[in-house]
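Everything on this sheet refers to the single structure shown next.
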Amino acid sequence: MLGRAGGYLWIGKNPASRYQGWFCQIGGRLIKIIDDIRPVGAAGFLALENDFWRVKRIWENNRESFFLPAQNCLAYEIEKPAEISFFLDIKESYKNPDAEQHYAVWEEDGLILAVCRQISGLPLPEIFLAVAGDFKISKITNEWADRDYEWDKKRASPPFCRRAFRPAAVSASRLVFAAGGDKEETAARAGRILNDFEAEKSKKRTEFLNNYRAKVFWPVLPDKTAVAKAAAKNALRMLVKTEKDSLSLRAGWPWFFQIWQRDEAVSLKGLAEFDRTAATTVFWRQFKELKKNKYHFDTADGAGWLFSRAAEFLKKNFFDGEEKREIADALERAIGWQLRYRTRGGLAVNTDEKTWMDSLERPGACVEIQAQRLAMYDLARRLTDDPEKKEYYSQLKDGLEIIARKTFFDTQNLADRFDVEKNKHDFTCRPNLFLAAYIYPDLLEKSEWRVVFENALAKLWLDWGGLATIDKNDPRFCPQSTGENAKSYHNGDSWFWINNIAAIAMRRIAGGYFKHYIEKIFVASRHDILWGGALGCASEISSAQSFDPAGCPNQAWSNATFLELCRELKK
């Protein structure tokens, strides 16, 4: 469950990752506050339930519910009053200092107050936690509990063990937690939310329903697909970051909370499926950054993705005449920069580790980058009213089509890359050819794409409903995800966003012929959202050998491209 202000709550049966728990934005940084909350004596875990505005954890003998009523606040309720344990691990998200000796706990004005001091990496000298509730305090415990994080072990993401601090033993039916750098303000916030608990709960529910009804998320949820679409929209919406008058889109939660230009641009079309204002606001923010950066981004494909989304939005009449002229001018300048600095022998080139497969060295001319350049030439040709410029961009487009076909296409396969320095083709089969077909389908005839797809699927297809990131017979292929070790990242792991894009490309080229693959990809992506890594969110990757959602549990472009796929399939 995500907070638009930049925090989140991620719970499970037991804490399985140091990234689980309750996190807040304090002092401009993401800070973990609570590792776990649970009733003492809870028996027989049954299920998690995601209502989008709250989360429930259901036991055989009790039910808990959690929601985020305000910035840096967490509200907790339990059906049958019980003794509640809560465990603290106050630290910056990425840092793992020794937590002992830094806490103080006391009672004050009917609240439990805790303070964490002098831990390396914290943005403030002191961070306070105030706990309000209808509780009886049994005792101030000052106890420590060992944690063994199985999820982190699986991801090869140390440290796998930490200690969490239990400050007090309380009996209650509802609790409000507030965190911040000022003791009085934090305590007042916790007390206010407790006093208005029912009103806050009603407000969150109403806000959710009004938002969703206004954007036609659903009138009813008749089937699994409708639920998965609603969940993907909610998960993507919660990744939108509002800062002053600016909007941005985080790459994912919990550990990819940064703003990455490529991920944002890829996700814009899916975001526009239900929030045109947010999508166009993020687009124009990126557009300004492009101009400020002299009409290029640091990545090989950043500008290409932005103008690809501009082309999509132009089809939908999102821009007025003046905005179209502004886009045309920036595109002309961006192409000029690309021709001067990123073109060799007519081909679009890039340096090492600048494509989306950023764990690999793919220098030279990459197939998807050719498609992006062709799409930029074609958009520039269509946007200009100047006959000379129109002819100029037509010549660029036609010339690159000829060179790209000659360089990459052998009548059966598309090369993944051409090393311009070594004059060497790399025909390693990777799913980037599906990206090329999605971005610029006119590179090949439909009959040619069909042959290329068939040959690629024979090497990349995973029976559970995905694509490996390298030929399964390649010696570099890793069937099992290696987690934070990047060995499998682009040499085996199946990425949900690429799978969705591939299904869209197959649908457009020969939907009936590739129906089996398209449906399998759709069902796998849907199942991931409903039952995968984090309930109601689209995961980053799966291991190749079996359906096993892994990586970042809520990835923006996985959610966004699933929504695109739903639109393509008229789901």
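Position 1 is the first residue of the sequence; numbering continues from there. Hydrogens, waters and symmetry mates play no part in the numbers below; they use all other heavy atoms, side chains included.
With respect to R237 and D275, no salt bridge is recorded, no charged nitrogen being found less than 4.0 Å from a carboxylate O. For K201 and E198, the salt-bridge test passes: some basic side-chain N is under 4.0 Å from an acidic carboxylate O. In summary, E77 and R57 do not engage in a salt bridge, as defined by a charged side-chain N under 4.0 Å from a carboxylate O. Using a 4.0 Å cut-off between charged side-chain N and carboxylate O, R567 and E273 make a salt bridge. Look at R325 and D320 and you find no salt bridge, because none of the NZ, NE, NH1 or NH2 atoms lies under 4.0 Å from a carboxylate O. Checked for salt-bridge contact, E289 and K292 miss the test: no charged N lies under 4.0 Å from a carboxylate O. Between R285 and E264 there is a salt bridge, with a side-chain nitrogen of the basic residue lying less than 4.0 Å from a carboxylate oxygen of the acidic one. By the 4.0 Å N-to-carboxylate-O rule, K154 lies too far from E484 to be salt-bridged with it.
In this structure, K229 fails the cation-pi test against F562, since its NZ or CZ atom is not both closer than 6.0 Å to the six-membered ring centre and inside 45 degrees of the ring normal. Geometric assessment of R147 against the ring of F87 yields a positive cation-pi assignment under the 6.0 Å and 45° thresholds. Annotation: cation-pi pair R174/F197 present, NZ/CZ under 6.0 Å from the ring centroid and within 45° of its normal.
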For this session: Starting from the C-alpha separation in whole Å, work towards a yes-or-no answer on side chain to side chain contact (heavy atoms under 4.5 Å, CB included) for Q20 and K32.
Result: CA-CA 9 Å; Q20 287 187 314; K32 184 175 184 178; 5.9 Å; no
Exercise. Would E200 and R189 count as a salt bridge (charged side-chain N to carboxylate O under 4.0 Å, His left out) if you check the C-alpha gap in whole Å, the side-chain angles of each, and the deciding distance to 0.1 Å?
Worked result: CA-CA 12 Å; E200 289 289 339; R189 191 159 18 99; over 6 Å; no
Exercise. Salt bridge (charged side-chain N to carboxylate O under 4.0 Å, His left out) between E568 and R508: does it pass, once the steps are laid out?
Worked result: CA-CA 9 Å; E568 189 73 27; R508 292 173 179 173; 3.2 Å; yes
For this session: Applying side chain to side chain contact (heavy atoms under 4.5 Å, CB included), run through M506 and I521 and close with a yes or a no.
Result: CA-CA 11 Å; M506 284 188 277; I521 287 173; 3.9 Å; yes
For this session: Show your working on side-chain hydrogen bond (donor to acceptor under 3.5 Å, both in side chains) between Y377 and Q338 and close with a plain yes or no.
Result: CA-CA 11 Å; Y377 292 160; Q338 298 283 353; over 6 Å; no
For this session: Verify salt bridge (charged side-chain N to carboxylate O under 4.0 Å, His left out) between E368 and R430, making sure each step is shown before the conclusion.
Result: CA-CA 11 Å; E368 75 276 18; R430 297 184 181 277; over 6 Å; no
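Side-chain contact, Y76 with E64: a donor N or O sits under 3.5 Å from an acceptor N or O. A donor atom on one side chain and an acceptor atom on the other are found under 3.5 Å apart for D35 and Y149. With hydrogens and angles left out, the side-chain atoms of S157 and D152 include no donor and acceptor closer than 3.5 Å.
Checking S543, S488, S542 one by one against D493, the side chain to side chain donor-acceptor pair (under 3.5 Å) holds for a single residue, S488. Exactly one residue among N432, T299, D263 makes a side chain to side chain donor-acceptor pair (under 3.5 Å) with W356. That residue is N432. Screening I37, I33, D36 against W22 for a side-chain contact (heavy atoms from CB on, under 4.5 Å) leaves a single residue, I33.
F522 places a side-chain heavy atom less than 4.5 Å from the side chain of K571. The shortest side-chain heavy-atom distance between L563 and L271 does not fall under the 4.5 Å cut-off. Contact check for I369 versus K354: no side-chain heavy atoms found under the 4.5 Å cut-off. The side-chain heavy atoms of W255 and S93, taken from C-beta on, include no pair separated by under 4.5 Å. Residues L306 and F297 meet the side-chain proximity criterion, which asks for heavy atoms closer than 4.5 Å. In this structure the side chain of R250 never reaches within 4.5 angstrom of the side chain of F256, judged on heavy atoms. Side chains of W337 and R333 form no contact here, defined as non-hydrogen atoms less than 4.5 Å apart. Counting heavy atoms from C-beta outward, V176 and V131 have side chains that stay 4.5 Å or more apart.
Ring geometry for F23 against Y8 counts as parallel: the plane angle stays under 30°, on a 0 to 90° scale with 60° as the upper cut. Taking the six-membered ring where the residue is Trp, W497 and W557 present parallel rings, their angle staying beneath 30° rather than reaching 60°. Using cut-offs of 30° and 60° on the angle between ring planes, the pair W531 and H527 is tilted. Relative orientation of the H490 and W495 rings is parallel, given thresholds of 30° and 60° on the angle between their planes.
Between F496 and S525, the closest heavy-atom pair is CD2-OG, 3.9 Å. Here the closest heavy-atom approach between residue T186 and residue A178 is recorded as CG2-O, 3.2 Å. G533 and P553 get closest at one heavy-atom pair: C-CB, 4.4 Å. Between A505 and F434 the shortest heavy-atom distance is CB-O, 3.8 Å. Nearest heavy atom pair, residue A310 against residue I327, reads CB-CG2, 4.3 Å. Closest approach of A334 to M376, counting heavy atoms only: CB-CE, 4.2 Å.
E207 CD to R205 CZ: the interatomic distance, rounded to the nearest 0.5 Å, is 13.0 Å. Note that the SG atom of C73 and the CZ atom of R192 stand 7.0 Å from one another [nearest 0.5 Å]. Going from atom OG1 of T225 over to atom CG of L569 covers 9.5 Å, rounded to the nearest 0.5 Å. Annotation: the span from N499 atom CG to W464 atom CH2 amounts to 5.5 Å, rounded to 0.5 Å. Here CG of L175 is found 14.0 Å from CD1 of I193. Values are rounded to the nearest 0.5 Å. In this structure, L68 CG and M238 CE are separated by 9.5 Å, a value rounded to the nearest 0.5 Å.
Remark: the backbone N or O of Y19 is paired with a side-chain donor or acceptor of S17 at under 3.5 angstrom. A donor-acceptor contact shorter than 3.5 Å is absent between the side chain of R63 and the backbone of I58.
Aromatic ring centres of F86 and F177: separated by under 6.0 Å. Aromatic rings of F313 and F307 (six-membered ring for Trp) have centroids beyond the 6.0 Å cut-off, not under it. Within the 6.0 Å centre-distance limit, the rings of F257 and Y94 are counted as a close aromatic pair.
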